[in-house]
Student: 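Quick one: the structure is below, and I'll ask about it shortly.
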2 protein chains.
Amino acid sequence: MGLIKTEKFSESQNQIALFAKAFGHPARVAIIQHLFKINACVCGDLVEEIGLAQPTISQHLKELKNLGLIQGTIEGTSVCYCINKDNWTAMKTLLNGFFNNNLDSNTCC
Amino acid sequence: MGLIKTEKFSESQNQIALFAKAFGHPARVAIIQHLFKINACVCGDLVEEIGLAQPTISQHLKELKNLGLIQGTIEGTSVCYCINKDNWTAMKTLLNGFFNNNLDSNTCC
DNA sequence: ACTATTAATCGTAATATTGCGATATACAAA
DNA sequence: TTTGTATATCGCAATATTACGATTAATAGT
């Protein structure tokens, strides 16, 4: 056990969970917020900004990259990371569909 | 280690991460979707609907309840769970603020 | 009181995540 | 070519999560 039974759920449910999990750690929230704030950035900035060790930040960046939410291009010795607009928009659409259910008709016992 | 260093992050960042983590498992996504769909429900429904064991569902419900996203009232031998409207709205506001950053000005290298 | 039903809790095994020191890689500058 | 700088990867320890069988608790119906 300790293994998620993805086969019990729809593709959409698994996708929502994967994206949500990406934001389920404050370091990754902070990374995304920083990328939005300065519009493009390198990993070194983030290590200072966030205050975790460099390998730890690198690992969090990798997770966000694997999901396609950010992308990195090599610039000499450093890497320039930024939000992947298309995938970010797609993620937002998926999660908004989940969040914006109508609560008005929701009557509780 | 294996312990999140919450002290390195703002309260808002930690809150966003906590809510996101709640949706980071497809079973919890499915539970919320089912609650929206039928507008009020009992745990038994969910065990059938989702196909995980009863203790597992109960555990997932507990996590959502601890975060305040759902609430349960006892109805005889069963429990009636439903979305907590106020907290759901607050969560939505917080996460929307995070998602709806302006991407137009985001120029990549 | 006894039995059935529903949901919570306990205990535990399997797996995943987090964090970082040490090291590797890749490029730039001297 | 050597040295410095930036980032990725490896390996591991600590902790968290997932899942469920067994049990418990609480109520309903007989």
Side-chain angles (χ1 to χ4, degrees), chain A residues 1-9 13-14 17-31 34-35 40-67 70-82 109, chain B residues 1-9 13-14 17-31 34-35 40-67 70-82 109:
Chain A
M1 297 132 208
L3 156 99
I4 295 176
K5 300 197 161 177
T6 51
E7 75 278 5
K8 301 257 182 185
F9 306 99
Q13 287 166 336
N14 284 315
L18 281 180
F19 281 133
K21 199 159 66 168
F23 304 127
H25 192 293
R28 293 191 292 268
V29 171
I31 286 170
H34 193 64
L35 286 180
C41 107
V42 290
C43 182
D45 278 43
L46 290 164
V47 173
E48 259 191 56
E49 178 78 13
I50 291 172
L52 296 178
Q54 180 268 323
T56 308
I57 300 295
S58 189
Q59 191 175 302
H60 285 303
L61 285 167
K62 192 181 178 184
E63 285 175 61
L64 292 169
K65 203 166 65 174
N66 285 344
L67 268 174
I70 65 174
Q71 64 194 65
T73 50
I74 295 166
E75 288 267 308
T77 60
S78 63
V79 177
C80 170
Y81 278 108
C82 60
C109 45
Chain B
M1 298 133 208
L3 156 100
I4 296 176
K5 300 197 159 177
T6 52
E7 75 279 4
K8 302 256 181 186
F9 306 100
Q13 287 167 335
N14 283 316
L18 280 180
F19 281 132
K21 199 159 65 167
F23 304 127
H25 192 295
R28 293 191 290 269
V29 171
I31 286 170
H34 193 64
L35 287 180
C41 107
V42 291
C43 184
D45 278 45
L46 290 164
V47 173
E48 258 191 56
E49 178 78 13
I50 291 171
L52 296 177
Q54 179 268 323
T56 307
I57 299 296
S58 189
Q59 192 176 302
H60 285 304
L61 285 167
K62 193 182 177 182
E63 285 175 60
L64 291 170
K65 203 166 67 175
N66 286 344
L67 269 174
I70 66 173
Q71 64 195 64
T73 49
I74 297 167
E75 287 267 306
T77 60
S78 63
V79 177
C80 170
Y81 278 107
C82 59
C109 44

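Chain identifiers are assigned alphabetically (A, B, ...) following the order of the sequence lines, protein sequences preceding nucleic acid strands; residue numbering begins at 1 within each chain. Computed over heavy atoms, backbone and side chain alike; hydrogens, waters and symmetry mates excluded.
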Student: If you take all heavy atoms of A:Ile50 and A:Ala27, which pair is closest and at what distance?
Tutor: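 Looking at all heavy atoms of both residues, the closest pair is CD1-O, 3.9 Å.
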
Student: Once rounded to the nearest 0.5 Å, what's the spacing between atom CG of B:Leu18 and atom CG of B:Leu67?
Tutor: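 One finds 6.0 Å between CG of B:Leu18 and CG of B:Leu67.
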
Student: Please work out if B:Ser58 contacts a base, only the sugar-phosphate, or nothing of the nucleic acid, heavy-atom cut-off 4.0 Å.
Tutor: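 B:Ser58: base contact, heavy atoms under 4.0 Å.
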
Student: Measuring from B:His34:NE2 to B:Glu48:CD, what's the distance to the nearest 0.5 Å?
Tutor: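 One finds 9.5 Å between NE2 of B:His34 and CD of B:Glu48.
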
Student: Does a side-chain N or O from A:Tyr81 land closer than 4.0 Å to OP1 or OP2 of D:dA8, or not?
Tutor: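 Affirmative; the distance criterion is met.
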
Student: Once rounded to the nearest 0.5 Å, what's the spacing between atom CG of A:Asn14 and atom NZ of A:Lys5?
Tutor: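 So the CG of A:Asn14 and the NZ of A:Lys5 are separated by 14.0 Å.
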
Student: Nearest-Å distance, NZ (A:Lys65) to P (D:dT7)?
Tutor: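 The distance from NZ of A:Lys65 to P of D:dT7 comes to 12 Å, rounded to the nearest Å.
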
Student: Using atom CD1 of B:Ile31 as one end and atom C1' of D:dT18 as the other, report the distance to the nearest whole Å.
Tutor: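 Answer to the nearest Å: 13 Å.
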
Student: Return the OG to CG distance between A:Ser58 and A:Leu52, rounded to the nearest 0.5 Å.
Tutor: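 One finds 12.5 Å between OG of A:Ser58 and CG of A:Leu52.
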
Student: Check whether any side-chain heavy atom of B:Val42 lies under 4.5 Å from a side-chain heavy atom of B:Glu75, and answer yes or no.
Tutor: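 A side-chain contact is absent here, since even the closest heavy-atom pair is not under 4.5 Å.
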
Student: Within this structure, what is the CG-to-P distance between B:Leu67 and D:dT17, rounded to whole angstrom?
Tutor: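 It works out to 11 Å between those atoms.
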
Student: For DNA chain C, what residues of residues 41-49 of chain A have any heavy atom nearer than 4.0 Å?
Tutor: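 Nucleic-acid contacts, sorted: none.
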
Student: Sort and list the pairs that fulfil side chain to side chain donor-acceptor pair (under 3.5 Å) and have at least one residue in residues 17-31 of chain A, not counting sequence neighbours.
Tutor: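 Counting only pairs at least two positions apart or across chains, the side chain to side chain donor-acceptor pair (under 3.5 Å) contacts touching residues 17-31 of chain A are A:Arg28-A:His60, A:Arg28-A:Glu63.
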
Student: What is the distance, to the nearest angstrom, from the CG atom on B:Leu18 to the C1' atom on C:dT17?
Tutor: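 The distance from CG of B:Leu18 to C1' of C:dT17 comes to 15 Å, rounded to the nearest Å.
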
Student: What is the separation between atom CG on B:Asn66 and atom C1' on D:dA16, rounded to the nearest whole Å?
Tutor: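 In whole Å, D:dA16 C1' and B:Asn66 CG are 15 Å from each other.
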
Student: How would you summarise protein contacts on nucleotides 18-30 of chain C per nucleotide, using B for base, S for sugar-phosphate only and - for none, with heavy-atom distances below 4.0 Å?
Tutor: BBBBB----BS--

Student: When you compare the side chain of A:Phe9 with that of B:Val29, does any pair of heavy atoms fall below 4.5 Å?
Tutor: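 They are not in contact (no side-chain heavy atoms under 4.5 Å apart), so the answer is no.
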
